[in-house]
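Below is one structure, written out as C-alpha cells; the observations come after it.
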2 protein chains.
Amino acid sequence: MDREAARDHVLDAAEELFYGRGIQAVGMDEIRSLSGVSLKRLYQLFATKDRLVEAYLERRDLSWRRRLAEHVESCDDPEGRIIAVFDWLELWFGEPGFRGCAWINSYGELGATSATVAAQARRHKQAFGRYLETLTDGAHLPRDLAGHLLLLAEGAMVTAGILRDPGTAAQARAAAGLLLESARRTRPPAPAG
Amino acid sequence: MDREAARDHVLDAAEELFYGRGIQAVGMDEIRSLSGVSLKRLYQLFATKDRLVEAYLERRDLSWRRRLAEHVESCDDPEGRIIAVFDWLELWFGEPGFRGCAWINSYGELGATSATVAAQARRHKQAFGRYLETLTDGAHLPRDLAGHLLLLAEGAMVTAGILRDPGTAAQARAAAGLLLESARRTRPPAPAG
DNA sequence: GTTAGTGGAGAACGCTCGTTCTCCACGACG
DNA sequence: CGTCGTGGAGAACGAGCGTTCTCCACTAAC
C-alpha cells in the first residue's frame with residue numbers, strides 16, 4: 001500500500017470514528033484497527049493525534065462544501081438554489097449515522113482547549129456563511145437574508161442531531177421560504193429585459 | 001460546612017469548569033480545588049463523575065429556563081414576549097465567559113457515548129421548544145412559528161459561540177421579527193371586544 | 001548465502017485521571 | 001486522660017491512551 005492510499009485509509013477511519021463517537025472517545029489504536037495501517041506508519045503520516053484531527057476536519061470541510069455545492073448547482077433558478085440548500089440538509093440529516101455537524105460537535109468537545117479546532121470550526125462556518133451570501137447575491141437579495149439563513153441552517157443541524165426529529169429540515173426549509181419571501185418583498189427582482 | 005452548602009459549592013465549581021473548559025478536560029481534582037470540598041466528601045455527595053455531570057446539567061437547566069422566563073415575563077405584550085426571547089439571548093451572549101450552549105457542547109462531547117447526557121440535551125431542547133409554543137399560543141400564532149423560532153435560537157447560540165460575532169443575536173431577532181410578521185399575516189389577531 | 005533495510009505487530013513507557021485508601025488531627029464522651 | 005468516630009489532605013492504585021520501542025519476517029543487492 002503506497003503512502004497516498006495509506007493516508008486515505010487512515011482519514012477514512014478517522015472520519016468514521018471521530019464523527020461517530022467523538023474525538024476524545026477514539027484512540028489511535030482504533031484508527032489503526034479500522035484503517036489497517038500500522039501504528040508506525042500512522043505516526044509517519046500524522047506526527048500526532050492533533051495533526052490527524054486537523055487533517056480530518058480539513059478534508060471533511062472540503063467534501064462537505066463540495067457535496068452541498070454540487071446539489072445546489074443542479075438547480076438553475078437563483079431563488080431555487082437558496083431553497084435547495086435546505087433540501088440538501090434534509091438529505092444529509094437522513095443519512096445513516098448522521099450525528100449533527102462535525103464542527104459544532106468538535107467545537108463543543110475541544111473548542112475551549114484547542115485553538116486549532118476552534119479556528120477550524122470558525123473558518124468552516126464562515127465559509128458556509130460566505131457561500132450563502134453568494135446565493136443571495138445571485139438572487140439579488142439582501143445579504144441580511146444570508147445571515148438569517150445561516151442561523152436557520154445551523155439551528156437545523158443542531159436540532160436534527162439532538163432531537164433526531166426527521167421533520168426538522170422541512171421546518172427549516174419552510175422558515176427559509178418565509179424569510180426569502182420577506183426579503184423579496186423589500187427588494188423585488190429587476191424587471192425582465 | 002453542612003451537606004447542602006458543600007453540594008452547592010461543588011455544583012458551582014462544576015458549572016464554572018465544565019461549561020468553561022469542557023467536561024472531559026476537567027478532572028475531579030480541579031473540582032475539589034475550586035470548590036474547597038475534600039475528595040472524600042465530594043464522592044459522598046456524588047458517587048461518580050457521571051453523577052456530578054448529570055447534576056450539573058440538571059441544575060443548569062432549571063436556572064437557564066428560569067432566567068429566560070423571568071426576562072420574558074417582564075414583558076406584557078404577547079408578541080413582545082416572543083421578541084424578548086431574543087433580547088435575552090443577546091444579554092446572555094454578552095456575558096463574560098459565554099461559550100455557547102452547555103447542552104449543545106455537552107452533546108457534541110459526550111452525546112455519542114453517554115445516553116444520559118444525550119437524553120438530558122434532548123429534554124432541555126424539548127422543554128425550550130415547548131416554552132416557545134406557550135409563547136406562540138399566548139399570541140394566538142401558529143405552532144409552526146415556535147418551531148421556526150427554535151431553529152433560529154439554536155442557530156444563534158451555535159453561531160455566537162463559534163463565530164464570537166456580537167451581532168448574532170440582533171440578526172436572530174430581526175429574522176424572528178420577520179417570521180412573526182409572516183405568521184401574523186396568515187392568522188390575524190382575534191377582533192377586540 | 002549473507003546482510004542491510006523496510007515495514008508490521010504489538011509490547012512497553014509515561015502520563016493523566018477517576019476512584020479508593022492511608023494517615024492524622026480534632027472533638028466528644030466516658 | 002484515653003479512645004473512638006469524623007473528616008480532611010493527599011498518596012496510591014488501576015485503567016486508558018498517546019507515543020515510542022523492540023523484535024521479527026521479508027526482500028533485494030552483492
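Letters A, B, ... mirror the listed sequences (proteins, then strands); counts begin at 1.
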Distance, rounded to the nearest Å, where Arg21(B) contributes CZ and dC17(C) contributes C1': 13 Å

Carboxylate-amine/guanidinium contact Lys125(A) Asp61(A), below 4.0 Å: no

Arg51(A) CZ - dG18(D) P separation (whole Å): 17 Å

Phosphate-side-chain proximity, Lys49(B) and dG18(C), N/O vs OP1/OP2 below 4.0 Å: yes

Heavy-atom donor-acceptor pair, Arg32(B) side-chain to dG8(D) base, under 3.5 Å: no

Length of the CG-P vector between Asp2(A) and dG8(C), whole Å: 12 Å

Residue Tyr43(B), side-chain atoms from C-beta onward, closest of dG8(C), dG8(D), dT20(C): dT20(C)

With Asp50(A) via side-chain hydrogen bond (donor to acceptor under 3.5 Å, both in side chains) - residues at least two apart: none

Interatomic distance, Leu42(B) CG vs dG8(D) P [rounded to whole Å]: 11 Å

Value in whole Å for how far the C1' atom of dG7(D) lies from CZ of Arg3(B): 14 Å

Nucleotide of dG18(C), dT22(D), dT19(D) approaching Lys40(A) most closely (side-chain heavy atoms): dT22(D)

Residue pair Arg164(B) / Phe98(B), side-chain heavy-atom distance below 4.5 Å: yes

Lys/Arg-Asp/Glu bridge criterion (N-O < 4.0 Å) met for Glu73(A), Arg81(A): no

Sequence-distant partners of Tyr107(A), ring-ring contact (aromatic ring centres under 6.0 Å, His included), two or more places apart: none

Separation of atom CE in Met28(A) from atom C1' in dG18(D), rounded to whole Å: 7 Å

Sugar-phosphate only, base, or nothing, as touched by Val37(A) at under 4.0 Å among non-hydrogen atoms: nothing

Nearest-Å distance for atom pair CD1/C1', residues Ile31(B) and dC17(C): 13 Å

Upstream residue (5' side of DNA chain D) when Leu39(B) and Asp50(A) are each assigned their closest nucleotide: Leu39(B)

Gln44(A) CD - dG7(C) C1' separation (whole Å): 8 Å

